[in-house]
Number of protein chains: 2
Amino acid sequence: MLAGVELRHVRVFAAVARAGTVVGAANQLGLAPASVSEQVRRLEGGLGVALFERTLQGMRLTAPGQALLERAHGLLDHADEVRRAVTGQRRRISVGALEMPAATRRPASTSST
Amino acid sequence: MLAGVELRHVRVFAAVARAGTVVGAANQLGLAPASVSEQVRRLEGGLGVALFERTLQGMRLTAPGQALLERAHGLLDHADEVRRAVTGQRRRISVGALEMPAATRRPASTSST
DNA sequence: CAGAATTACGCGCAGCGTAACAATT
DNA sequence: AATTGTTACGCTGCGCGTAATTCTG
C-alpha cells in the first residue's frame, strides 16, 4: 500500500535507527526481534525503498533511511501533540495566557456515552 | 492504547468529518460504511473521547472532534510529506525555494500507484 | 559458541465487505 | 420507503511471540 506510512512502523523504525540493531530496538520497545524485523520490512515495502543496510554488526541507515530518521521524530511528535490536544491532556505547556480562561472551560475529561 | 493514533484512523476520520456522514465518507474512501463506522469507533476508543455526535442526519463533530479536525490535515500532510521526502517523490510542492536545487537532483519520479 | 538478522509457524486482533437491523423522516 | 448508523458474521492480513535457521567473529 502506498498509504503504508503507519505511525507504528515509524516508531519501530526510529527505535531501530537509534539502537543500531534489531535486538536492541526490540528490547527498548518490549517486542521480539522477529516482530521488529517484520515491521521494518513492511515499512520498506510500503515505501518502496530500503531504509537499512543489513550488516553483520547491525542495521546501518541508507540515504532514504537517514532522510526518514531526520523526519521521523518530528512526525511522531506531531502525532503525539495532536493526540494530547484532542484528549485534552495539555500537559502544562508553557503558554501562561491560558490560566484564567482555563478555569472557566474545564473540559471534564470524558463526556457522555 | 495511547499509541492509538494511527494515520489510517485519522484519514477515515477526516473523510467523515468532511462528508458529514459515514456513507458519504465511505463512498469517497471506497470503503463500506460498516468499515468506516468501525474505524471511527476504534479511533474514539483509542483516544478515549467521542469525536462525533451521532444524529439521524449524520455525524456532527464534538469539541474534541473539531480539535482533531483542525489538526488532522496538518498531520496527514506532514506524513505525506515525509513519505515523499523518503521515496524521493517531490511532486512539485509549491515551496519555490527548491526550484533551483531541484533541477540538480531530479529524482525521476519513481513508480507510483 | 556468541551475537546479529531472518524465516517458519501459530495465535489473536484489526481491517474489510456483505447482509441484516434499528431509528427517524 | 429512504435515509442514516450500527451490529453480526466471515474472510484476509497484520502484529506479535517462540523456535529454528543462517552467517560471521
Side-chain angles (χ1 to χ4, degrees), chain A residues 1-62 65 69 72 76 79 83 111-113, chain B residues 1-62 64-65 69 72 76 79 83:
Chain A
M1 288 67 163
L2 292 185
V5 188
E6 282 309 313
L7 294 180
R8 185 173 316 183
H9 299 150
V10 178
R11 292 197 186 92
V12 172
F13 162 82
V16 173
R18 208 162 59 95
T21 65
V22 169
V23 289
N27 289 340
Q28 294 180 11
L29 293 169
L31 296 180
S35 305
V36 174
S37 181
E38 187 183 4
Q39 293 301 315
V40 174
R41 189 157 17 93
R42 289 200 188 277
L43 179 57
E44 288 178 323
L47 292 174
V49 294
L51 268 12
F52 292 103
E53 215 177 306
R54 273 75 171 178
T55 74
L56 279 309
Q57 281 71 40
M59 310 281 277
R60 192 170 50 189
L61 285 168
T62 62
L69 180 61
L76 294 176
R83 181 181 63 76
S111 28
S112 59
T113 308
Chain B
M1 318 289 258
L2 293 183
V5 189
E6 281 308 315
L7 294 180
R8 185 171 319 186
H9 298 151
V10 178
R11 293 197 186 93
V12 173
F13 162 83
V16 174
R18 208 162 58 96
T21 66
V22 169
V23 290
N27 290 337
Q28 293 180 13
L29 293 169
L31 295 180
S35 305
V36 173
S37 181
E38 186 183 5
Q39 293 301 314
V40 174
R41 191 157 13 94
R42 287 201 190 278
L43 179 57
E44 287 178 323
L47 291 173
V49 295
L51 269 11
F52 292 103
E53 214 177 305
R54 272 76 170 176
T55 74
L56 279 308
Q57 281 70 42
M59 309 281 276
R60 192 170 50 189
L61 285 167
T62 62
L69 179 61
L76 294 176
R83 182 180 62 75

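Since the structure is predicted, the reported quantities are computational estimates derived from the model, not experimental observations. A, B, ... follow the sequence lines: proteins, then strands. Residue 1 opens every chain.
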May I ask you to verify if any side-chain N or O of [X] is less than 4.0 angstrom from the OP1 or OP2 atom of [N]?
X	N	value
A:S37	C:dA5	no
B:R8	C:dA14	no
A:R54	C:dA4	no
B:R41	D:dT6	no

Residue B:V23, side-chain heavy atoms: nucleotide from D:dG5, D:dC23, C:dT24 that is nearest =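 Nearest to the side chain of B:V23 among the choices is D:dG5.
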Distance, rounded to the nearest Å, where [X] contributes [atom1] and [N] contributes [atom2]:
X	N	atom1	atom2	answer
A:E53	C:dA5	CD	P	14 Å
B:L31	C:dC16	CG	P	5 Å
B:E6	C:dC13	CD	P	18 Å
B:M59	D:dT4	CE	P	12 Å
A:L43	D:dC14	CG	C1'	14 Å
B:E38	C:dC13	CD	P	14 Å
A:L29	D:dG17	CG	P	10 Å
A:Q57	D:dC23	CD	C1'	11 Å

Once you apply a heavy-atom cut-off of 4.0 Å, does [X] come out as touching a base, just sugar-phosphate, or nothing?
X	answer
B:G24	nothing
B:S35	base
A:Q39	sugar-phosphate

Checking side-chain contact (heavy atoms from CB on, under 4.5 Å) for the pair B:V22/B:V40: CA distance, chi angles, key distance, verdict?
-> CA-CA 9 Å; B:V22 169; B:V40 174; 5.7 Å; no
Under 3.5 Å donor-acceptor, B:E53 side chain and B:R60 backbone |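 No; zero donor-acceptor contacts below 3.5 Å.
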For A:R11, does its backbone N or O pair with a side-chain atom of A:Q39 as donor and acceptor, under 3.5 Å?
->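 Not at all, since once roles are kept as given, no pair shorter than 3.5 Å links the two residues.
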For residues B:V5 and B:L47, report the shortest heavy-atom separation together with the two atoms involved.
->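 Residues B:V5 and B:L47, closest heavy atoms: CG2-CD2, 3.8 Å.
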Please name the pair of heavy atoms, one in B:F13 and one in B:G65, separated by the smallest distance, quoted to 0.1 Å.
->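 B:F13 and B:G65 have their closest heavy atoms at CZ-O, 3.3 Å.
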Between A:A34 and B:R42, which has a closest nucleotide on DNA chain C that is more 5'?
->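 The residue mapped nearer the 5' terminus is A:A34.
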Residue mapping more 5' on DNA chain D - nearest nucleotide basis, A:H9 or B:T21 =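 First, find each residue's nearest nucleotide; the 5'-ward one identifies B:T21.
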